[in-house]
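Nothing fancy with the numbering, it's 1 onward along the sequence.
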Amino acid sequence: MKYVNQPIRKKDAMALVTGKPVYTDDIAPKDCLVVKVLRSPHAHAEILEIKKDIAEKLPGIVCVLTYEDVPQKRFTMAGQTYPEPSPYDRLILDKRVRFVGDAVAIVAGETEKAVDQAMKVIKVKYDVLEPVLDFHKAKDNPILVHPEDNWQALCPVGADNKRNLCASGLEEHGDVDKVIAESDVVVENTYHTKAVQQTMMETFRTYTQMDTYGRLNIISSTQVPFHVRRILSNALDIPKSKIRVIKPRIGGGFGAKQTVVAEVYPAIVTLKTGRPAKIIYTREESLIASSPRHEMEIKVRIGANKDGHIRGIEVKTMSNTGAFGEHGPTTVGLSGHKSIPLYSKAEAFRFQYDVVYTNKMSAGAYRGYGATQGIFAVESAINELAVKLNMDPVALREMNLTREGDVMHAYYGETANSCTLDRCLERTAEMIGWKEKYPCRVMPDGKIRGVGIAMAMQGSGISSVDTGSVSIKINDDGFYALTIGASDMGTGCDTILSQMAADCLDCSVDDIIVYGVDTDVSPYDSGSYASSTTYVTGMATVKACQTLVDKMKAYGAEKLGCSVDDVEFDGEKVYSLKDGSSISRKDIGNAIMCAGENALFATEAHSSPVSPPPFMAGAVEVEVDPETGSVKLIDYAAVVDCGTVVNPNLARVQVEGGLVQGIGMALHENITYNEKGELAENSLMQYKIPTRMDMGKLRVEFDSSYEPTGPFGAKSIGEIVINTPAPAIAQAIYNATGLRFTELPITPEKIAMGMMDK
């Protein structure tokens, strides 16, 4: 391998660091109509009347749309493969509003000032209804979030809108009740994770326009261009053939842009007016009307023998999907499927879940996608079990963790064909100085330093669902064009796919140009989510390159007048094994453009029946001030098994970024609602995310397995990296203070109050 496993600079690096106009708002036409959404002040209400006549007469206002002006066809905003597990419970604009911030009207005008003025004079009369705000009380509540009869669930996920259920299910292996009853030690606790925001730098934004042929063009910062096309076709009730979606550079997504949050609003304006239109979400809108992580309450029960062998694990998850069901049925699955299998030697498991509707902001996808919540709960319970057994938590994990060759019953019955989790755990403990520092040390100034550790796993795409496709062709002078359908959202997939292609074609990575997503041109790809791109689209790249090489060999053999079995391709030329005659790649590229009858072009797709999990371990040292409760992160060590590391620089940045997000979730980020369903944290003044100054030292290493089903032995890395901080930090704080926190975030106030009570 010449390029795979090398720190190649990103394809778009110079354009980004020099401030070139590459993002959605940079390239939007200057004459775009400004589109904004008037939002509900009530958590639950029926719209009785909307007076928009004054607003429509204001100078610069082009249109004001209400539920009476748009299609009334239900759809889902979840960017998932059809048929979507998420229910069809949305309308573009509905007569019923279901959370504070829900869309009431769409206003479009020549200037932002005109639109802001118009929004102030629209008068809405509501019949205010009692909301369901407590997700503990939502199931079978007489107050229904979705009482409508045209609500629809396309997949059998245990959903019932007349019970406020978005999904429910039960999976088990063995008799977990019997096994736990026979165990020497049982740990049982309930853990609570709040909804948290992705807070990507680039907020939701889209511009739309009609092209010369009367087709609706959508240019959007999205992770799922092909899903956007289908979703807008459903919502707008127009054929998919009338819609084209183009993805420019994305300024971060982290799962938020796997939900089609903003695209429908300028799209309906352009359809109605024929004019270009754009919507740019403010930071406030991105915090109050977006798609944050699902709030979850997770009950864990673990039974073990007194020697430390874990016998049974039970996980019961209740997930709050909010006002709409995007990703509700699927995120909840990962809370069990990506936590229980870390300990596949257990004799039995049970995983049970309910996903409920409430009158709070709709949740969605966020990096980790439910595994983050489940791993916080299970890994915290494992740490509690270690205390009960009076065992070192590292030794307890070493005894029970999943190893290569193990069958993971709770992970769809898959076998761990590539796994260095044992080595990741061992190396992480060494890096943090576990033996010397566990459990804690009192510093000369009275502050206490504690250490904590946790493990995690994720997946590599959605098995038997996700599809990745790429096209590659040779051009004049012999350079290659790689066209992909996967969305590079800052992760660098344009770069890593070109690295793979360069090694497959035995050429320089600079000989390959990459064309991003355009649904009219690009081969179909499910999108950039579920950690699928490296593993799924990467294998499609390998297959497409091999097909192209075979075509080039056949073409070269024809030109050389010999059998295809008698030629080889060395990256620069096709040559005869018999007489050494050859035709160069440059000559092949030029020759096919003159009286050519063979298109040297290849498109291949790939879908995998398995989703090999990456594994990692993370360990943290924190310093707690027992008087103020403040927590300072001193050191974080992480070791990741993502199979072959395709680009070490990009992989390291992925790990560091994910750790920072996990640290923020553990210590800082909080969403709170009042009794009216109003969200308190509506700006970055209130919603606190960590800065580089809050991070201390982050250290990352890789301990690579080799995944036989992956391209060059690679697995995924994008999501797993967010999953270890919360349980590791919670344990470190426990070791420093003796306080066990089961709800996130763990704030200085909680610690200080706990120390006072203690």
Looking at [Y], is its backbone amide N or carbonyl O close enough to the side chain of [X] to form a donor-acceptor pair, meaning the two atoms are under 3.5 Å apart?
| X | Y | result |
| --- | --- | --- |
| Q258 | V224 | no |
| H294 | G364 | yes |
| T317 | V332 | no |
| S460 | S716 | yes |
| R652 | L650 | no |
| T259 | V261 | no |
| D625 | G629 | no |
| N390 | A386 | no |
| Y411 | P612 | no |
| S319 | V355 | no |

### Query
Step by step, would you call V700 with E656 a side chain to side chain contact (heavy atoms under 4.5 Å, CB included)?
CA-CA 7 Å; V700 176; E656 292 174 351; 3.9 Å; yes

Would you call [X] and [Y] a salt bridge, using N to O less than 4.0 angstrom?
| X | Y | result |
| --- | --- | --- |
| K360 | E678 | no |
| D102 | R39 | no |
| E430 | R427 | yes |
| E623 | K632 | no |
| E295 | K194 | no |
| K750 | E743 | yes |
| R699 | D635 | yes |

#### Entry: Cationic tip of R740 above Y734 ring, under 6.0 Å, 45° of axis
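Positive - R740 is close enough to the ring of Y734 and near enough to its axis.
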
### Query
Relative to Y366, does R293 satisfy both conditions: NZ or CZ under 6.0 angstrom from the six-membered ring centre, and within 45 degrees of the ring's axis?
yes

Distance from [X] atom [atom1] to [Y] atom [atom2], nearest 0.5 Å?
| X | Y | atom1 | atom2 | value |
| --- | --- | --- | --- | --- |
| N647 | C493 | CG | SG | 12.0 Å |
| M616 | E701 | CE | CD | 11.5 Å |
| M77 | H327 | CE | NE2 | 11.0 Å |
| F741 | I729 | CZ | CD1 | 13.0 Å |
| E379 | Q731 | CD | CD | 9.5 Å |
| I720 | I717 | CD1 | CD1 | 8.5 Å |

Using a distance-only test with no angle check, is there a side-chain donor-acceptor pair under 3.5 angstrom linking [X] and [Y]?
| X | Y | answer |
| --- | --- | --- |
| T742 | N189 | no |
| E681 | N670 | no |
| T190 | E297 | no |
| N383 | S380 | no |
| S290 | Y281 | no |
| Q197 | Y687 | no |
| S683 | E284 | no |
| E326 | S362 | yes |
| T628 | S630 | yes |
| R367 | Q661 | yes |

So, do [X] and [Y] sit near enough that their side-chain heavy atoms are less than 4.5 Å apart?
| X | Y | result |
| --- | --- | --- |
| T724 | Y636 | yes |
| L425 | L401 | yes |
| Q80 | T330 | yes |
| M755 | T737 | yes |
| V315 | I340 | yes |
| I432 | W434 | yes |
| T199 | L684 | yes |
| L744 | M665 | yes |

### Message
Using side chain to side chain contact (heavy atoms under 4.5 Å, CB included), reason through N320 and M296 one step at a time and then give a plain yes or no.
### Response
CA-CA 6 Å; N320 182 2; M296 291 188 188; over 6 Å; no

### Query
Are R449 and K437 close enough, and set up right, to give a side chain to side chain contact (heavy atoms under 4.5 Å, CB included), and what steps lead you there?
CA-CA 8 Å; R449 292 189 178 183; K437 297 176 180 178; over 6 Å; no

### Query
side-chain contact (heavy atoms from CB on, under 4.5 Å) with S335: which of F351, Y369, F376, Y353?
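The option that passes is F351.
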
### Task
Would you indicate whether K435, at its atom NZ, is surrounded by more than 12 heavy atoms from other residues, nucleotides or ligands within a distance under 6.0 Å?
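Open: at most 12 neighbouring heavy atoms sit under 6.0 Å from NZ of K435.
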
### Message
Check this for me: M443, atom CE, are more than 12 non-hydrogen atoms of other residues, nucleotides or ligands nearer than 6.0 Å?
### Response
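Counting other residues, nucleotides and ligands, CE of M443 exceeds 12 neighbours.
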
Over all atoms of both residues, closest heavy-atom pair of [X] and [Y]:
| X | Y | answer |
| --- | --- | --- |
| Y343 | R397 | OH-NE, 3.5 Å |
| N735 | V451 | ND2-O, 2.6 Å |
| S86 | A78 | OG-CB, 3.5 Å |
| Q458 | S531 | CG-OG, 4.4 Å |
| C419 | D422 | O-OD1, 4.5 Å |

### side chain to side chain contact (heavy atoms under 4.5 Å, CB included) between T533 and D488, intermediate numbers included
CA-CA 9 Å; T533 305; D488 192 329; over 6 Å; no

### Task
Could you check K715 against D641 for salt bridge (Lys or Arg N to Asp or Glu O under 4.0 Å), going step by step and ending with a plain yes or no?
CA-CA 8 Å; K715 298 187 286 189; D641 165 25; 3.1 Å; yes

### Query
Checking salt bridge (Lys or Arg N to Asp or Glu O under 4.0 Å) for the pair E202/K257: CA distance, chi angles, key distance, verdict?
CA-CA 10 Å; E202 183 196 34; K257 294 172 183 174; 3.1 Å; yes

### Message
T402 vs S344, test: side-chain hydrogen bond (donor to acceptor under 3.5 Å, both in side chains). Steps then yes/no.
### Response
CA-CA 5 Å; T402 290; S344 60; 2.8 Å; yes

